[in-house]
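In what follows, chains are A, B, ... by sequence order, proteins preceding strands, each numbered from 1. As a basis for the values below, the full set of heavy atoms in this structure was taken, side chains included, without hydrogen atoms, waters or symmetry mates.
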2 protein chains.
Amino acid sequence: MTYGTLHGPAERQHCHKEDPALTVLSDETTGQSAHYRSHEHLLHTGDEAAYSHLIEHGFAVRYHLTLDGSRQITAIYMCGDFIDLRLCAHNPSSDGLVAMGACSTTKFRNDTMSRAALKSAVLANSLCQLSERNGAIARAWIASLGRRNAEQHLAHIICELFLRAQAAGLTNGSQLRFPATQAHIADMIGLSVVHTNRTLQALRAAKLVRWDRQMLSIIDLDGLMDLAGFQENYLQHPGMAVPLPKMTHH
Amino acid sequence: MTYGTLHGPAERQHCHKEDPALTVLSDETTGQSAHYRSHEHLLHTGDEAAYSHLIEHGFAVRYHLTLDGSRQITAIYMCGDFIDLRLCAHNPSSDGLVAMGACSTTKFRNDTMSRAALKSAVLANSLCQLSERNGAIARAWIASLGRRNAEQHLAHIICELFLRAQAAGLTNGSQLRFPATQAHIADMIGLSVVHTNRTLQALRAAKLVRWDRQMLSIIDLDGLMDLAGFQENYLQHPGMAVPLPKMTHH
DNA sequence: CGGTCTATTGACTGGCGTCAAGCACCGTGG
DNA sequence: CCACGGTGCTTGACGCCAGTCAATAGACCG
């Protein structure tokens, strides 16, 4: 059992494009690397998705806009996460996808992705497992939104993000560079910015966490997990060797 | 574009085990039909899942328990939905899965499922698409929990459930038998039972919906969708011919 | 006919939203 | 060099949506 990503358990230290797990799968299916500046969109709300994305560096955020203009972040993607957008291929997407901080991805045309997945059961299986894992994370968010108060919820999402980042090799001891503003956090946990600020202060006062500028420091992970009622099994999944379509630069 | 399930667009009228979409995929991979009474568990919290389930009849509910004992429902499954539990196979599941009303499923051993999916890219792809669709539904729930008030949220989930049920052939005009108590609904939308009751009354007073006993009647679907800000594209996905492992009775 | 489950209603409380103001920081341009 | 606006963080005051605690009534059941 490992915390796995498309990059696999063996290569957790860092994420880059020469990652050996990015095995050639098919000669027709190639990915291109793409770079996004902070706040730049990978996919606009209402657009049809032409590409799926494997995050190589940085963070991307999936969000939904309600009619009154408020925003709810529905997923955070980081290095090694795969965003399978084939379902949006001929549909206007109801979500937007935007870089949080600078972000680079390898993107795969949806039609070629589909063709590759239909040729390789191993690839299709890996995509399925990744999708299930993303679903498990989404359900954990649902539980937090529905049944945890502000402090517990914030603690929970910090635990999740930190453990995922650790598995992806993004952490430095108990530190993580996480380029979120308090507005981002508010949109993740479904609160107002004001209350998010007060909740963050409570966690700081409890000496659980520090969050200066863009640097997240975990002071007391056990304390955070206790407060949140965090059960980490949902992040685990069987380690897998994932052959991904080969990738061409640019 | 159709509202699809594992049973496919052509066989929406009713769900039963002779469904032609349940094509033989592999001779080793067989499903068994299983029957559950109301409140009977398909999977207990903390157990390792041995089977994945295809819902044949009735409804099942996935839920998460927080430490203080409150419950959040994280998904509703109905006829044609597939619950892929292979990720819980060697893990204690953090969720429970329980029948809401009488429910019957075809269940597939996870190990044989995995073997079948590794043999058939078509099957693996279908599972992947179903998983992505479930993820899209989960993200819609996140948006509702985070950024809609009680009335909008309830309206939204009613729209979703009704449209899904309609696609699965479970509706009778604007009516749907839905065996949920108000406690179930409260646990879906993350509210208290008392407030759920008041919110239901508001929708009734607005002549949007009726919900007597276990019969849900949509009076004004457009009104519900307006109130909720419901965008139905997330429920759509490409129609697909899904070969599923063949099934043995009992 | 009591017991349990579910629906409903009222009174009160509290967590979180809203509005508003005040800082701090930063890059730009006069 | 300082004025200026923009963005993000922080704090206070006040109000409302939804939670909690009862209590009642109906439905179903043994």
field: Short side-chain to backbone donor-acceptor contact, A:Q72 and A:D187, under 3.5 Å
entry: yes
message: Using whole Å, what does the distance between atom P of nucleotide D:dC17 and atom CG of B:L145 come to?
response: 19 Å
task: Could you tell me the separation between the CG atom of B:L145 and the CE atom of B:M188, rounded to the nearest 0.5 Å?
output: 12.0 Å
task: Round to the nearest Å and state the distance from A:D187 atom CG to D:dG8 atom C1'.
output: 14 Å
message: Please determine whether a side-chain nitrogen or oxygen atom of A:R204 lies at a distance below 4.0 Å from atom OP1 or OP2 of D:dT10.
response: yes
message: Rounded to whole Å, please give me the gap between CD in B:Q214 and C1' in C:dC5.
response: 13 Å
- request: Over 60° means perpendicular and under 30° means parallel, so classify the ring planes of B:Y234 and B:H156, tilted if in between.
  value: parallel
- line: So, with a heavy-atom separation below 4.0 Å from DNA chain D, the residues of residues 148-162 of chain B are B:N149, B:A150
- request: Calculate the interatomic distance between A:L203 atom CG and D:dC9 atom P; express it in whole Å.
  value: 15 Å
task: Kindly assign one of parallel, tilted or perpendicular to the pair B:F82 and B:F108, based on the angle between their ring planes and the thresholds 30° and 60°.
output: tilted
task: Determine the interplanar angle of the A:Y63 and A:H41 rings, folded into 0 to 90°, and report it as parallel if under 30°, tilted if 30 to 60°, perpendicular if over 60°.
output: perpendicular
task: Can you tell me the distance, in whole Å, between the CH2 atom of B:W211 and the P atom of C:dT6?
output: 14 Å
message: Are more than 12 heavy atoms, taken from residues, nucleotides or ligands other than A:N149, located less than 6.0 Å from that residue's CG atom?
response: yes
Value in whole Å for how far the P atom of C:dA7 lies from CE of B:M215: 15 Å
- prompt: Is any side-chain heavy atom of B:S93 closer than 4.5 Å to a side-chain heavy atom of B:D47?
  reply: no
message: Output the rounded distance in Å from CZ (B:R213) to P (C:dA7).
response: 10 Å
task: Give me the residues of residues 189-202 of chain A where at least one heavy atom lies under 4.0 Å from an atom of DNA chain D, by number, or none.
output: A:V194, A:N197, A:R198, A:Q201
message: Any donor-acceptor pair under 3.5 Å linking the side-chain atoms of A:W211 with those of A:Q182?
response: no
- prompt: When you measure from the side chain of A:R147 to the backbone N and O of B:L191, does any donor-acceptor pair fall under 3.5 Å?
  reply: yes
